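Reading through the structure tokens given below for one structure.
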Amino acid sequence: MIKKIISAMTFLVAITVFGQKKNDIQSVTDIAEKLRSAMISGEKSALQSLIVPELTYGHSGGHIDDAKEFVEKLVSKKSDFLTIDITNQNIQIVGNTAIVRHHFYATTADFGKEPGDVTLDILLVWTKVKNDWKLLARQAVKSEKKK
């Protein structure tokens, strides 16, 4: 009888954990989409709501922005994304951390520069703060066009 109770409890715990991971994957998918939209709009409050103050945001050229610089570049249009398309997204949940990898293709109109195209592979690290996912780190590397 005790073995049956233990087996049933183990099964319920496994279902609960799997269900939580599935919900977290959907939540991270949703928040990544909010980040994509906020990067296009350049809306300061939207951007700030998605990140932690300790954000480290690595560009493919090697420069690393902190949270303030990341937001300011998008708000001021120093970095201006007209479109951002994300493909091949993969999400892995490890505890309260989400690792997101995707291909990033964008058209840009950065202030003082000619319009351009950007093709990158991205790594995002999200952390769960209370019940919300917040961007902790991002690193980009240049890649071949995969659109």
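One-based numbering along the sequence shown. Please read all numbers here as calculations on a predicted model, not as lab measurements.
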Under the side-chain hydrogen bond (donor to acceptor under 3.5 Å, both in side chains) rule, what pairs show up with a residue in residues 67-77, not counting sequence neighbours? H63-E69, D65-K73
Mind checking the CG-CG spacing from D121 to N88? Nearest 0.5 Å is all I need. 8.5 Å
side-chain hydrogen bond (donor to acceptor under 3.5 Å, both in side chains) filter on Q89, not counting sequence neighbours, yields H102
Please lay out, stage by stage, how T107 and T83 fare under the test side chain to side chain contact (heavy atoms under 4.5 Å, CB included). CA-CA 5 Å; T107 55; T83 66; 2.6 Å; yes
Who passes side-chain hydrogen bond (donor to acceptor under 3.5 Å, both in side chains) against Q139, sequence neighbours left out? none
What side-chain hydrogen bond (donor to acceptor under 3.5 Å, both in side chains) pairs are there with at least one residue in residues 44-56, not counting sequence neighbours? E43-S45
How would you list, by chain and number, every residue that makes a salt bridge (charged side-chain N to carboxylate O under 4.0 Å, His left out) with R36, sequence neighbours excluded? E33
Once ring pair (Phe, Tyr, Trp, His ring centres under 6.0 Å) is applied, do any residues pair with F81, and if so which ones, sequence neighbours excluded? F104
Minimum-distance pair of heavy atoms, taken over all atoms of I51 and A67: CD1-CB, 3.8 Å
Side chain to side chain contact (heavy atoms under 4.5 Å, CB included) between L47 and F70: does it pass, once the steps are laid out? CA-CA 9 Å; L47 291 162; F70 162 71; 4.0 Å; yes
Tell me, which pairs form a side-chain hydrogen bond (donor to acceptor under 3.5 Å, both in side chains) where one or both residues lie in residues 127-137, sequence neighbours left out? D24-K128
Is the backbone N or O of A38 less than 3.5 Å from a side-chain atom of S41, with the two atoms forming a donor-acceptor pair by type? yes
I'd like to check the side-chain hydrogen bond (donor to acceptor under 3.5 Å, both in side chains) partners of D80; sequence neighbours left out, ordered by chain and number. none
Please name all residues satisfying side-chain hydrogen bond (donor to acceptor under 3.5 Å, both in side chains) with T29, sequence neighbours left out, ordered by chain then number. none
Is a donor on one side and an acceptor on the other found under 3.5 Å between the side chain of H103 and the backbone of I86? no
Quick one: pull up CG in N23 and CD1 in I93 and give me the separation to the nearest 0.5 Å. 10.5 Å
